[in-house]
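Written out below as structure tokens is the structure these notes cover.
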Amino acid sequence: MSRALLSHILHRPPLLASRSGIRGGAIPSRLPALRLNCSSAAEATPSADEAPAPPARKKRVVSGVQPTGMVHLGNYLGAIKNWVALQDLYETFFFIVDLHAITLPYEAPQLSKATRSTAAIYLACGIDSSKASIFVQSHVRAHIELMWLLSSSTPIGWLNKMIQFKEKSRKAGNENVGVALLTYPVLMASDILLYQSDLVPVGEDQTQHLELTREISERVNNLYGGRKWKKLGGRGGSLFKVPEALIPPAGARVMSLTDGLSKMSKSAPSDLSRINLLDPKDVIVNKIKRCKTDSLPGLEFDNPERPECKNLLSVYQIITGKTKEEVVSECQDMNWGTFKTTLTDALIDHLQPIQVRYEEIMADPGYLDGVLIDGAGKASEIADATLSNVYQAMGFLRR
């Protein structure tokens, strides 16, 4: 996402410091991962002779999107659309990561407006506040407090290895880079560890941050958990739960409309590179009409020499809910002009109800404020309990 939130593994030999040399590619094989399959949440049915098992606690999922720029099709198909399904299967906490939005230069007057807009988009896309907790990251102060505590145990060498820091600092220049750009992965660790998450959605570009979070959690547990914590009056054991990676469905990574090898991004200089969720019809028509294609005949998914073709077909597949085979059968003999019209119509049909609902929500600020206040309250109950345990285990005087 945008910077999606990341998970950790406890009680394992150090990976970053000694062995992994992680670069932002595939998730290491030792990382527990769960493929997202939203078609069924049913468990095996007990036989007539067996007593029914007590209802299992739903597993917990935490994720968020930055309120910088406009929420675009990549954010929606890669994250938010999946959350709609996740809220029926898990206990879910979805928040607007406004603290992450200030790691690079930004317009202060726009931050609160963008935060409210992003929350409204969550709701307009189908996130249900009766099923999921929706809140603003900065409204739960435990995020910052736990980040500081984790920072005291995070070696600076681990942060210096982060690829995204190197890339973004090189683009921005040293004079425009604040310390927050270096340390935001520790805030990501705080974001996920606070809620004792079981599962965390993770994309290809967050695997290095995921591994760092695992290392931080293991280090803090080894330093302060177990018997050391128990001697200080705590319950002992691990301070943090061990979440697994939740892998999104294939094809959910949406690429730029102007470069099929680059991910669709809010920070790309050209607005023609992305479809924003709130783009009006005429803008969508123009962007698809002008998007990059190729001169080869027919349309196909699996030709590595045609990344733009694969990207546009994948978007059409996800937007329409069709299978890959159905899309191939429908579109393989189309020319680009015909397919672009088909794709444009599908995008407009899919996004229009979201846009209508968004306007309704933004016209009722009391409703939106209530959702965010309620969500922050539910999140704070869990976050404050985790933070209290960490303070105790690290030896602080109780308040």
Joint hydrophobic cluster, Val390 plus Phe396, side-chain heavy atoms closer than 4.5 Å: yes

Ile102-Leu187 co-clustered via ILVMFWY side chain contacts under 4.5 Å: no

From Met70 atom CE to Ile121 atom CD1, the distance as rounded to the nearest 0.5 Å: 6.0 Å

Pair Asn311-Ser314, side-chain hydrogen bond (donor to acceptor under 3.5 Å, both in side chains): steps then yes or no: CA-CA 5 Å; Asn311 182 48; Ser314 296; 6.0 Å; no

Expected output: side-chain Ser273 to main-chain Ser270 donor-acceptor under 3.5 Å: yes

Any Pro67 side-chain heavy atom under 4.5 Å of Leu111 side chain: yes

Between NZ on residue Lys266 and CE on residue Met264, distance to nearest 0.5 Å: 13.0 Å

Donor-acceptor contact below 3.5 Å, side chain Gln317 vs main chain Thr323: no

Salt bridge present between Asp279 and Lys287 (N-O < 4.0 angstrom): yes

Ion pair check, Lys340 and Glu308, cut-off under 4.0 Å: no

Worked check of salt bridge (charged side-chain N to carboxylate O under 4.0 Å, His left out) between Lys292 and Asp259: CA-CA 7 Å; Lys292 183 180 178 181; Asp259 178 6; 5.0 Å; no

Residue pair Pro304 / Asp302: nearest heavy atoms and the distance that separates them: CD-O, 3.3 Å

Inter-residue atom distance Leu351.CG - Ile319.CD1, 0.5 Å rounding: 5.5 Å

Heavy-atom closest pair, residues Thr68 and Ala101: CG2-CB, 3.4 Å

Co-membership, hydrophobic cluster, residues Leu223 and Ile156, 4.5 Å side-chain: yes

Cation-pi check, Lys324 onto Phe301 ring (under 6.0 Å, within 45° of axis): yes

Between CD1 on residue Ile382 and CG on residue Leu387, distance to nearest 0.5 Å: 13.5 Å

Distance, nearest 0.5 Å, that separates CG of Leu313 from CG of Leu343: 9.0 Å

Trace of the side-chain hydrogen bond (donor to acceptor under 3.5 Å, both in side chains) decision for Asp98 with Thr115: CA-CA 7 Å; Asp98 56 340; Thr115 299; 4.8 Å; no

Contact check, side chains of Glu330 and Thr342, non-hydrogen atoms, under 4.5 Å: yes

Note, Thr293 side chain near Leu312 side chain (heavy atom, < 4.5 Å): yes

Heavy-atom donor-acceptor pair, Thr103 side chain to His100 backbone, under 3.5 Å: yes

Donor-acceptor contact present, side-chain Thr386 to main-chain Leu194, <3.5 Å: yes

Working for side-chain contact (heavy atoms from CB on, under 4.5 Å), residues Arg235 and Lys230: CA-CA 5 Å; Arg235 72 168 187 268; Lys230 198 165 187 177; over 6 Å; no

side-chain contact (heavy atoms from CB on, under 4.5 Å) between Leu368 and Asp364, intermediate numbers included: CA-CA 7 Å; Leu368 184 57; Asp364 189 354; over 6 Å; no

Beyond-backbone contact of Phe95 with Ile134, side-chain heavy atoms, under 4.5 angstrom: no

Whether Phe339 and Tyr316 hold their rings parallel, tilted or perpendicular, with breakpoints at 30° and 60°: perpendicular

Side-chain touch Val186/Trp148, heavy atoms, less than 4.5 angstrom: no

Pairwise side-chain contact, Leu86 with Pro201, heavy-atom cut-off 4.5 Å (strictly under): yes

Residue pair Val254, Lys263: steps toward the side-chain contact (heavy atoms from CB on, under 4.5 Å) verdict: CA-CA 6 Å; Val254 180; Lys263 188 176 179 181; over 6 Å; no

Least distance between heavy atoms, Ile354 atom then Cys125 atom: CG2-SG, 4.0 Å

Gly337 backbone acceptor or donor facing Thr341 side chain under 3.5 Å: yes

Nearest heavy atoms of Val140 and Ala379, plus distance in Å: CG2-CB, 4.1 Å

Heavy-atom pair with the smallest gap, counting every atom of Thr92 and Ala132: OG1-CB, 3.1 Å

Gln87 versus Asp128, side-chain donor and acceptor atoms under 3.5 Å: no

Main-chain N/O of Arg398 paired with Gln392 side-chain donor or acceptor, under 3.5 Å: no

Donor-acceptor pair, side chain of Ser388 and main chain of Ala385, under 3.5 angstrom: no

Expected output: side-chain Arg253 to main-chain Gly74 donor-acceptor under 3.5 Å: no

Least distance between heavy atoms, Asn389 atom then Leu239 atom: O-CD2, 3.9 Å

Exam field: side chain Tyr358 to backbone Tyr122, donor-acceptor pair closer than 3.5 Å: no

4.5 Å side-chain heavy-atom contact, Leu99 and Tyr184: no

Between CG on residue Asp271 and NE2 on residue His72, distance to nearest 0.5 Å: 10.5 Å

Geometric class of the Tyr195/His143 ring pair [parallel <30°, tilted 30-60°, perpendicular >60°]: tilted

Test side-chain contact (heavy atoms from CB on, under 4.5 Å) applied to Asp198 and Val61, step by step: CA-CA 6 Å; Asp198 296 285; Val61 172; over 6 Å; no

Connected via hydrophobic side-chain network under 4.5 Å: Leu296 and Met255: no

Glu91: which of Arg60, Lys378, Lys58, Lys59 passes salt bridge (charged side-chain N to carboxylate O under 4.0 Å, His left out): Arg60

Arg219 side-chain N/O to Ser153 backbone N/O, donor-acceptor pair under 3.5 Å: yes

Geometric class of the Phe94/Trp83 ring pair [parallel <30°, tilted 30-60°, perpendicular >60°]: parallel

Path from Ile373 to Ile127 over hydrophobic side-chain contacts below 4.5 Å: no

Side chain proximity check, Val220 to Leu150, heavy atoms < 4.5 angstrom: yes

Verdict with supporting geometry, Trp158 and Glu215, side-chain hydrogen bond (donor to acceptor under 3.5 Å, both in side chains): CA-CA 9 Å; Trp158 290 5; Glu215 287 300 304; 5.8 Å; no

